[in-house]
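Hydrogens, waters and symmetry mates are skipped; everything else that's a heavy atom, side chains included, is used. So that the names make sense, note that chain A is the first sequence line, chain B the second, and so on, each numbered from 1.
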Amino acid sequence: MLLRANNVWWRQKPMTHEYRSHNCGELEAKNVGDQVRLSGWVHRIRDHGGLLFIDLRDHYGLIQCVVEPDESEFSKAENIHAEWVVRINGPVVARSDETINKDLPTGRIEVRIEQLEVLSKSEELPLPIFGEPDYPEDTRLKYRFLDLRRETIHGNIVKRSKIISSMRNRMVEQGFMEYQTPILTASSPEGARDFLVPSRVHPGKFYALPQAPQQFKQLIMMAGFDRYFQIAPCFRDEDARADRSPGEFYQLDIEMSFVTQEDVFEAVEPMLLGLFEEFGGKPVAKDFPKIPFDEAFRKYGSDKPDLRNPLIMENVSEHFRGGGFGIFAGILDKDEKNAIWAIPAPTGGSRAFCDRMNGWAQKEEKQPGLAYIFFKEGKGSGPVAKNIGEERTMALRDQLGLKDGDAVFFAAGNPKDFAEFAGRARVRVGELLELTDNDKFAFCWIVDFPMFEWDEENKKIDFSHNPFSMPQGGLDVLTNAKSDEELLDIKAYQYDIVCNGIELSSGAIRNHLPEIMYKAFDIAGYGTEVLEDKFGGMLRALQYGAPPHGGIAPGVDRIVMLLCDEPNIREVTMFPMNQQAEDLLMGAPDNVHPEQLRELHIRLKLPKTKGEGV
RNA sequence: GGGGGUGUAGCUCAGUUGGUUAGAGCGCUGGCCUGUCACGCCAGAGGCCGCGGGUUCGAGUCCCGUCACUCCCGCCA
C-alpha cells in the first residue's frame, strides 16, 4: 500500500479552497469530526452494491472514502472509474475497530462522501496504476505520465529529489558553491562521441553538448574561484546499458584549488558516507580503503572491487614451480611474467561445488576449465592435489589460511590476460557460497591509475583516463621514459571511488603546467597544433597562473540506483529514453521541417533504410 | 556493428511426439452484493499465435529469414 505519507502539505487550506483543504496523506485520528475537501485520483473502487469505497490518491498518500446508497452522491460514485480525478467533500470519521486497516497510514479513519465532483475523466487505461503489475517497458515509456503515478517509481523519483537536495546541502555546508556551465560548447577530439548542434549563424560549424564540464570546471579554478560543484548534465552519444542512459546523465561535478589527492578524498568521503547513511537503509562501512590500481587487480581481479566480498586472491606460483602438476609448472617455465593465482573458497570444499565452478568457467567464460583443490579429512583432494603431492598441498593451504571443508581455485598464465576472469570467479565464489554480505555498502578508493595505456586498435599509446591528469613525477618522468613500457608504467594522480563493485566516479589531480600538457599530449600522439586548436582556451589559462587543482565527478544516477536498490537506471529517471535512444513519449528524435534544415545549411544524405531497395 | 534471451487475448503466462473449436489469472463490459481495503459471486466481449517464406495431408508447435523489445560485448577520456 501507499506509504508516501510523512509529507504534510505545504500549507493548510480552508474548506473554501477550490480543490482541497487537506491532502490525501495527512489526515489522521485527530482530524475525526473535521469537514474536509480532498482532490485526487481514484486509485481503486470497491462497489458492494449497498456500500461503495473509493481509495483516493494524490502525491502525498491514499485515503479511503465511503458512500452509502442513501447519500445523494451514490449514483454518481457508481459511474466513476480508476484514475478519474475527483473532488470529495465530507467529514472525517473514525473507523470501527474491526475495520481499521493497519497497512495504511490513514487506515484508522475514512472520509464520508457528501459531495462528489468529477474534475477529469480517464480513458480506459493502457497501463494500470493499482497493484503496479509488470508491464512492457515500451508501454511504460509511451505512457510515462501514468507509469510515474505508480507507487514504486513515484517513490524513487521523490527519493532522487531528496538525494540531490541532500547532496547540495552537504556540498554547501563544506564551503562549495554551485556554478552553471554552458550547454552549447565545443567538440573535443577524444573521449566519447559528441552530440553536435549545428550553428545557424556560422554555416558548416557545430557546437557540441558537453560530455562533462571538465574544462569549464578547471577554468573556474584558474579564474580564482575555489570549491566548485554542480549537479551537471553530461551528454555522450554512446550506446545504452541497464545502468547507463543513452545520451544524457548527471554528475555531481566537483573541483577544488590548492589541493592534493587527500584533500579531495576528505571532501568527498563525508558527503558520500552521510548520503548513504541517510538514504541507503543499510549499514555503511565507515572506512574508505585506498587500494592502488595494480593491487586491486592482484587481490580482486578488478579495478572496481566489491569489498562486501571478503575473498582476496594470492599469488601461489611457488607451490607449483617445478612441481608435479605439469600444466602449471610448464606455464611458469614458459615466461617469467606468468603466474598462478589462487581464489580461496572457504566452505566450498566439496566436489559438487568445485564441479559447478568448473562448469561455469567452461560454459560461461569459455575457459578450458578451472583447476581446484578441496580439503577434507586433513588433506587435499582432486587431481591438482594428487599431482603436486601432500607437502605442497599443505603449504598452499597454510598460505591461504584454509581448512577442512574449504576449497581453492586456480588461474594460470599471464596475469594481464587472466586477472579479469579470476576476478569474476572470485565474485561467483562469493555469491554462491554466500560469503558476500549484500546487506551493506562498502566503499573504496582505487588510486595510482596508469597515466597511459596501450591502444591496440591504433597501435599507439593513449591516455588511459583523463588527458588532464597530473603524472606522478611531473615533467621529468615523462621526458625520462626511455620506452613505451616505461611510459606505460607511469602512474597519474588519478583515482576512482567504488561502492559495492560499482564505479561511481573518476577523479584526478589535474595537470596545471602547460609544458607537461604539451609533453603528455605529444606522447599520446596529439601534436601541438591539435592541442592549440582544440584546447586553446585551457592552454591559454594554464599560461597565466593556474593553481594546482583537482576534483572528481560522482555519477548521480548510479548513486540514486544504489540508494533505491534498483538495477535499471530507467527506474530512477523520470523521462528516460529507451535503449535505442528514442523518447517514446515525446517522439524524439524526429524529422524536422525542411525550412529548419535550410536555416542551418544542412542537406540530408541518408543511408538506405532496412527493407528498402527491393 | 556483434552475441544471448523473449515474442500466444490489453497485460502476465500455459499450450503434450505436429492433429478437430487455442486456455487460465488479472484487466475490461454487464448483473448481484452494506464494511471492503488484492472485496466476493455470476455472465460476457476480447486472438493474423510478431511478420514473411518453407517442410507437411495438417504448423502456435519443426526449418529459414525478418522485425520488435531486452540483456551483454564493442563503445562510454
Using both distances under 3.5 Å as the test, list the Watson-Crick or G-U wobble partner of [N], or none.
| N | value |
| --- | --- |
| B/U56 | none |
| B/G7 | B/C67 |
| B/C37 | none |
| B/U16 | none |
| B/A43 | B/U29 |

Selection from B/U36, B/C72, B/U34 that lies nearest to any side-chain heavy atom of A/T99: B/U36
Residue A/N101, side-chain heavy atoms: nucleotide from B/G74, B/C37, B/G35 that is nearest: B/C37
A/F463 ring center within less than 6.0 Å of A/F521 ring center: yes
Suppose you measure atom [atom1] in [N] against the same atom in [M]; what distance do you get, rounded to whole Å?
| N | M | atom1 | result |
| --- | --- | --- | --- |
| B/C33 | B/G52 | P | 49 Å |
| B/C64 | B/A59 | C1' | 15 Å |
| B/G50 | B/C69 | C1' | 11 Å |

Under 3.5 Å donor-acceptor, A/E238 side chain and A/R193 backbone: yes
Donor-acceptor pair, side chain of A/Q362 and main chain of A/P368, under 3.5 angstrom: yes
Touch class at under 4.0 angstrom, heavy-atom based, for A/R112 against every strand present: base
